Amino acid sequence: MKDKRLGNPLQRQGVQNTIAAIIAILIGMLVGLIVLLFTDASRAGEGMMAILTGGLTDLKNMGQVLYYATPLIMTGLSVGFAKKTGLFNIGAPGQYMMGAFAAVYVGVKWTFLPAGIHCIVAVLAACLFGAIWGILPGLLKAWRGINEVITCIMMNYIAMSMSNVLIRAFIYDRAKNQSFRPDETAELPKMGFDKIFVGESGTPSSVNAGIVVAIVLAIVVWVVLEKTKMGYELKACGFNKDAAKYAGISEKRNIVQAMIISGALAGIGGGLNYLAGAGTGIMVADTLAQQGFDGIAVALLGMSNPIAIIFTGILMAYLTVGGLAMQSFGFVSQVITIITSVIVYFAAFILFFSQIIAKFAKGKGEKQNANAEPGDSGQAPPAQPPTPPTEGGEQA
Amino acid sequence: MSEYVIEMCNITKEFPGIIANDNITLQLKKGEIHALLGENGAGKSTLMSVLFGLYQPEKGVIKKDGKEVKIKDPNDANALGIGMVHQHFKLVHNFSVLQNIILGVETTKGGFLKMDDARKKVMTLSEQYGLRVDPDALIENITVGMQQRVEILKMLYRDNEILIFDEPTAVLTPQEIDELMKIMKGLAAEGKSILFITHKLNEIKAVADRCTVLRKGKYVGTVNVADVSKEEMSEMMVGRKVSLNVEKEPSHPSEVVFEVEGLTVVNKEHGKKVVDNVSFQVRRGEIVCIAGIDGNGQSELIQAVTGLIKADSGTVKLKGEDITHASIRHRNTHGMSHIPEDRHKHGLVLDYPLSYNLVLQSYFEPEYCQAGFLKYDKINQYAEKLIGKYDIRSGQGGSTIARSMSGGNQQKAIVAREIDRDPDLLIAVQPTRGLDVGAIEYIHRQIVAERDRNKAVLLVSLELDEVMNLSDRILVIYEGQIVADLDPSKVTVQELGLYMAGSKREEGK
C-alpha cells in the first residue's frame with residue numbers, strides 16, 4: 001500500500017477512507033457492546049465474541065457470510081453506481097423485489113427450459129424487471145425534472161404491493177403464504193462450494209455461484225466507471241452536470257442510462273437471493289425488502305467504490321451471521337440492527353473522519369518540517385490544521 | 001507611539017513542500033491605503049490569513065502600535081481591531097442587512113435583541129462613510145455591490161481600525177468599483193488603515209498610498225505608488241517586463257464564418273426579451289468584441305449561440321450551415337470553440353483530473369476511445385503535450401485534480417483545450433476574469449494568435465481596457481440590443497462608455 005513518492009501512506013485518499021470506515025465500524029461495535037451490557041452484563045462478553053467470531057466459527061458459517069453478502073453487494077452496487085452519477089437511488093428495495101419476483105416466476109413456471117439455461121434466463125428476467133423499475137424514475141427525472149428520491153420511494157411501495165398481487169395470482173403457495181420455490185433446474189450452481197463450506201455436523205452452507213456473479217459484476221461496474229467512455233460521461237454528469245452539458249453530453253440520456261443499470265443491479269440481487277436454492281420462496285408481506293435498504297448502507301460505507309462495496313457487503317453479512325450466533329446467548333437479533341445502524345450513521349461521517357486523518361497526516365508533516373529547521377528553538381507551534389484562507393474566517 | 005499601526009516582521013509560513021511566505025515584512029501606517037500586490041499564488045492570502053489569525057507563522061512577529069501581539073484566531077484579530085472583507089462574502093442570505101451586521105455581536109436585554117440601538121449605530125455609520133444600504137432588505141435581494149457595503153459595515157460596526165479587503169473588485173461592475181474606491185478613500189480619511197489585496201494596477205494607482213509587492217512567496221519591495229509607473233509595478237510583480245498593451249497587426253478580415261440573424265431570447269421568469277433581435281457577423285481574421293455592462297444580455301446571447309439555452313427566434317449560422325437547433329456536440333465538432341464565462345460551472349469538471357478535462361469535448365473521438373474504452377495512454381500523451389505547449393502549471397501534471405489548480409492555470413487549461421481543437425470560430429467570454437497580469441498577457445496573445453491564424457474570434461468582455469486593446473470591431477450591447485458597431489481606433493473610451501450606459505445609440509441601430 002505504501003507509495004514511496006508520497007512517503008506518508010496516511011496522505012493517500014484510499015487509505016484515509018479505509019481507516020475512516022474502520023473507525024465507523026469500531027464505533028458501531030462499541031455501541032453494540034454497550035447495548036449488550038445493558039441487556040445482560042454477565043453474558044455481554046460472550047455475546048460480543050459471538051458477533052465478532054460468529055462468521056468464522058466453522059466453514060459453514062463462512063459460507064453463510066458469502067451467501068448473505070450476495071444480495072447486499074448487488075444492492076450496494078446499485079446504490080453506489082447511481083451515486084457516482086449524481087443520483088440517489090433509494091428505489092433499490094423495489095427494484096430488488098421486482099427482480100426477485102421475475103426470477104422466481106421464471107424459476108417456477110418456465111420448467112421447459114433445460115437446466116443450465118433455466119437459471120441464466122431467471123437471472124436475466126430479474127435484471128430486466130429491476131431495470132424496468134429503475135427506468136421509470138429515470139425517465140421522470142430526465143424529462144419532467146421530478147426528484148428521483150420521491151419517485152423511487154413511491155416505486156418501492158408499488159413494487160411491494162405489486163409483487164404480492166403477482167405472487168398470489170401466479171405462483172402462490174397457500175400453505176406457507178409465500179411463493180413457490182423455484183424449480184431445481186433454476187437454482188444457481190453450487191460450483192463446489194457445498195463441498196468446501198461444510199459445517200461440523202456435515203450440513204453444507206447455502207453459498208453458491210451468486211457470490212461469484214456479484215463479485216464479477218462489481219469488477220465490471222468498476223471497469224465501466226473507470227475505464228469506459230460511458231463511465232466518463234456518467235461521472236462527468238455526476239460531478240458537474242453543467243460542464244457535462246457544455247461538453248455536449250446528454251444529461252437526460254445519462255440519467256435514464258444510470259437508472260436502468262442501477263435498477264438492473266438491484267434486480268439481479270433479488271434474483272440471486274431467491275435462486276440460491278436455500279429453500280425459501282418470497283414471503284407475501286407488506287414490508288419492503290431489507291436488503292434494498294441495507295444496500296444504501298453498504299454503498300455509503302464503501303464510498304460508492306465498487307471494489308470496496310464487495311468488502312463492505314461481506315462485512316454486513318458477517319455481522320448478520322454473527323448476530324445469529326449471538327442469539328444463542330439470549331440476546332435479541334435487534335442488537336445487530338442497532339450495530340449496523342450505528343455503523344451506517346457514522347459511515348455518513350466518513351468524509352469527516354478522512355478529513356481529520358488527512359489533517360493529522362499533513363499536520364505531522366508540517367511539524368516535521370518545522371522541527372527540521374536548523375536553529376529552531378523547539379517552539380514549533382502545535383500542528384495547526386491548515387484552513388483554506390477563504391473559509392472559516394467569519395468574524396466572531 | 002509607533003509610526004505603524006500594524007507591523008508584520010519577517011513572517012515565514014511554510015506548508016509541506018512549499019514556503020508560502022518567506023521572510024516577509026509589511027508595515028501599515030495609520031490612515032493609509034496600503035496595497036498588497038502579487039500574482040495568484042504569490043502568498044498574499046496566506047499573509048493576510050496570518051494577520052487574521054487563521055494561520056500561525058513559523059517565524060516572525062506581528063506588532064500592533066509597536067507592541068508585539070499574538071494572534072491565535074480570528075477572535076484575537078477582532079479584539080485588536082482587525083477586520084476583513086473576504087473575496088467571497090460571508091453573509092446569511094435569508095437574513096436582513098441589519099441582522100447580518102450585528103450577527104455575532106448582538107446586544108441583548110433579558111435575552112431579547114436590542115435592535116433599535118443597533119439600527120441607530122448602523123445608520124450613523126452608513127451616513128458617515130457614504131455606505132448606502134437598506135437595513136431591512138434581505139441579502140438575497142440586493143446587489144453584489146450592496147452586499148459588499150454590508151461587509152464593510154460589519155467591520156465598522158465592530159469598531160475595527162484595520163480593514164483588510166481581499167480582492168474586493170473582482171465581483172463588481174465598473175460603476176460599483178468607482179464607488180468602492182470613493183468609500184475606501186473616505187475610510188482612510190477618517191483614520192482607518194486599509195490593506196488592499198489586488199492584482200489590478202489601475203486600482204492601486206487610483207487609491208493606494210503605498211504598495212508592497214510579493215512574488216512567489218518572497219518580499220520584493222514596498223514603493224510609494226505616486227513614484228512608480230504601472231509598468232514598473234507589474235515588472236516587480238511578475239519579475240520580467242510585461243506589456244500592458246496588446247501588440248497586434250491590423251486585421252485582414254476575409255469571408256464570413258459566423259452569422260447571427262434576428263436572435264431573440266425571452267426570459268422564462270419575467271417574460272422580458274433579454275436578447276432582443278440581435279444580428280451580427282464575424283469574419284475570418286477579426287476579433288469582434290461584444291462590450292457592455294454586465295447583465296445586458298451578453299451571457300444569454302452567448303448561451304443561445306453555443307446551444308446551452310434555446311433561442312426563441314432567429315437563426316445562427318456557422319460556415320453557412322444553419323445550427324440554430326443543432327446539438328451542443330454538433331457545434332463542438334463542427335468548428336465552434338467556447339471559452340465559457342464561468343470556468344467552474346461550465347468550463348471544467350473540477351473533480352476530474354486535468355487530463356480528463358483537456359479532452360472534455362473530444363474523449364469520444366477514435367483517437368481517444370476504442371470500442372467504448374478510453375485510451376488512457378493517448379489521453380495522457382495529449383495532456384502532456386498541451387501542458388507543455390501552453391505552459392499549464394499543475395502539481396502532478398495531467399493527473400492533477402482540476403480543483404486543486406490555481407484559477408489562472410485552470411483558465412489556461414480551458415484556453416489551451418479550446419484553441420487546440422483548431423476551431424473556425426473561437427468564442428471567448430470574459431477570458432481573463434480574475435486573472436493576474438502575467439496570465440492576462442498570455443491569454444491575450446493566444447487570442448490574437450488565433451486571429452492571425454485566420455480564425456474568427458467573438459469576444460465578450462466587461463473590461464474596457466480589454467475591449468479597446470484586443471478588438472478589431474466593437475459591438476455594444478445594451479438591454480439585449482446591439483446599439484453600436486464601432487471601430488476601436490476611431491472611438492474613445494468615454495464615447496464607448498456612453499454607448500454602454502445606453503445614453504447614446506448609433507443611427508439605424
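In what follows, chains are A, B, ... by sequence order, proteins preceding strands, each numbered from 1. Quantities reported herein were computed from a predicted structural model and do not represent experimental measurements.
- For A:Lys83, the NZ atom is loosely surrounded, since the number of other residues' heavy atoms within 6.0 Å does not exceed 12.
- Ranked by heavy-atom pairs under 4.5 Å with chain A, the first of B:Phe373, B:Phe364, B:Tyr376, B:Tyr363 is B:Tyr363.
- Shortest non-hydrogen contact noted between A:Asn240 and B:Leu348 is ND2-O, 3.0 Å.
- Contact of B:His330 with chain A is not made at all, since no heavy-atom distance falls under 4.5 Å.
- The shortest side-chain heavy-atom distance between B:Val359 and A:Tyr232 falls under the 4.5 Å cut-off.
- Side-chain contact between A:Ile249 and B:Arg329: present, with at least one pair of heavy atoms (C-beta onward) separated by less than 4.5 Å.
- Contact annotation: the side chain of B:Leu374 never approaches that of A:Lys227 to less than 4.5 Å [non-hydrogen atoms, C-beta and beyond].
- Only the side chain of B:Arg417 comes within contact range of chain A, judged by heavy atoms closer than 4.5 Å.
- Minimum interatomic distance between B:Val349 and A:Ala243 (heavy atoms only, all atoms of both residues): CG2-CB, 3.9 Å.
- Contact detail for B:His346 and A:Tyr246: the closest heavy-atom pair is O-CD2, 3.1 Å.
- Residue B:Gln370 places its CD atom among 12 or fewer non-hydrogen atoms of other residues, nucleotides or ligands, all under 6.0 Å distant.
- Among the candidates A:Met230, A:Glu226, A:Lys241, A:Lys245, the residue making the largest number of heavy-atom pairs closer than 4.5 Å to chain B is A:Lys245.
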